[in-house]
Amino acid sequence: LDSSTVLASSTGVTTATYYPQYDITNTTTLGNENFGLSFLGSYGKHPLKQTTTRDGTTLFTYTYTYDSRERIATQVTSIGGVVYTSYSFTYY
């Protein structure tokens with residue numbers, strides 16, 4: 001499975017093919033079905049761990065914390081060790 005995305009840098013814009021890697025030891029709770037968006041299609045069963053380029057260069061790293069019911073409580077996306085996005089989730 002691969003995808004592509006547009007990357008911008010100080011030297012310009014480029015398109016890169018990236019490869020997602022999943023944490024198969026956990027099950028994600030962030031799928032479309034859990035947000036009432038099943039009409040958008042199914043979502044992977046496992047949370048993303050990282051995305052890499054064809055040569056193995058890491059683009060994004062994803063880290064999670066889990067609540068007492070093993071649901072994702074926070075998701076942090078980093079680029080080169082620097083936090084890019086951080087999300088907290090509350091379940092009802």
Side-chain angles (χ1 to χ4, degrees):
L1 179 66
D2 65 320
S3 275
S4 63
T5 190
V6 175
L7 303 172
S9 71
S10 60
T11 59
V13 175
T14 186
T15 301
T17 300
Y18 67 90
Y19 301 88
Q21 297 177 18
Y22 297 91
D23 174 4
I24 61 171
T25 62
N26 290 296
T27 302
T28 188
T29 52
L30 302 180
N32 291 333
E33 306 82 25
N34 293 344
F35 288 96
L37 301 171
S38 57
F39 60 89
L40 293 175
S42 64
Y43 194 83
K45 300 282 184 206
H46 304 286
L48 276 171
K49 183 165 57 171
Q50 67 180 7
T51 54
T52 61
T53 60
R54 184 181 310 269
D55 68 3
T57 302
T58 300
L59 296 173
F60 301 99
T61 303
Y62 306 87
T63 55
Y64 305 90
T65 61
Y66 296 85
D67 66 13
S68 61
R69 294 177 60 189
E70 297 299 315
R71 300 173 297 191
I72 294 175
T74 63
Q75 175 190 25
V76 176
T77 305
S78 301
I79 301 172
V82 177
V83 173
Y84 178 66
T85 60
S86 180
Y87 299 103
S88 295
F89 302 94
T90 303
Y91 299 89
Y92 299 97

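Note that the coordinates shown come from a computational prediction; the quantities given were computed from them, not determined experimentally.
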Could you tell me the separation between the [atom1] atom of [X] and the [atom2] atom of [Y], rounded to the nearest 0.5 Å?
X	Y	atom1	atom2	result
Gln21	Gln50	CD	CD	4.0 Å
Glu70	Asn26	CD	CG	7.0 Å
Gln75	Thr85	CD	OG1	6.0 Å

(Q) Ignoring hydrogens and geometry beyond distance, is a side-chain donor-acceptor pair present between Thr65 and Thr74 at under 3.5 Å? (A)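 Yes.
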Q: Name all pairs fulfilling the salt bridge (charged side-chain N to carboxylate O under 4.0 Å, His left out) condition that reach into residues 81-92, sequence neighbours left out, sorted by first residue then second.
A: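 Output for this query is empty, none listed.
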Q: Any pair with a residue in residues 81-92 that passes salt bridge (charged side-chain N to carboxylate O under 4.0 Å, His left out), sequence neighbours left out, goes on the list, sorted by first then second residue, please.
A: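 Passing the test, one end in residues 81-92: no pairs.
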Q.
Any heavy-atom pair between the side chains of Pro20 and Phe60 that's under 4.5 Å?
A.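 No; the side chains remain at least 4.5 Å from each other.
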Q | Side-chain touch Thr77/Val83, heavy atoms, less than 4.5 angstrom | A |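 Thr77 does not reach Val83 side chain to side chain.
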Check: [X] side chain, [Y] main-chain N or O, donor-acceptor pair, under 3.5 Å:
X	Y	result
Tyr91	Ile72	yes
Tyr64	Leu48	yes
His46	Thr27	no

Q: Carefully, step by step, assess Arg54 and Tyr19 under the rule side-chain contact (heavy atoms from CB on, under 4.5 Å).
A: CA-CA 7 Å; Arg54 184 181 310 269; Tyr19 301 88; 3.1 Å; yes
Q | Any residue meeting salt bridge (Lys or Arg N to Asp or Glu O under 4.0 Å) with Asp67, in chain and number order, not counting sequence neighbours | A |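 Asp67: salt bridge (Lys or Arg N to Asp or Glu O under 4.0 Å) contacts with Arg71.
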Q.
Can you confirm whether Tyr84 is buried at OH, in the sense that more than 12 heavy atoms of other residues, nucleotides or ligands lie under 6.0 Å from that atom?
A.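 No, because the 6.0 Å sphere around OH of Tyr84 holds 12 heavy atoms or fewer from other groups.
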**Q.** Closest non-hydrogen atom pair, Val76 against Ser86
**A.**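 Nearest pair, atom of Val76 first, then Ser86: CG2-OG, 3.8 Å.
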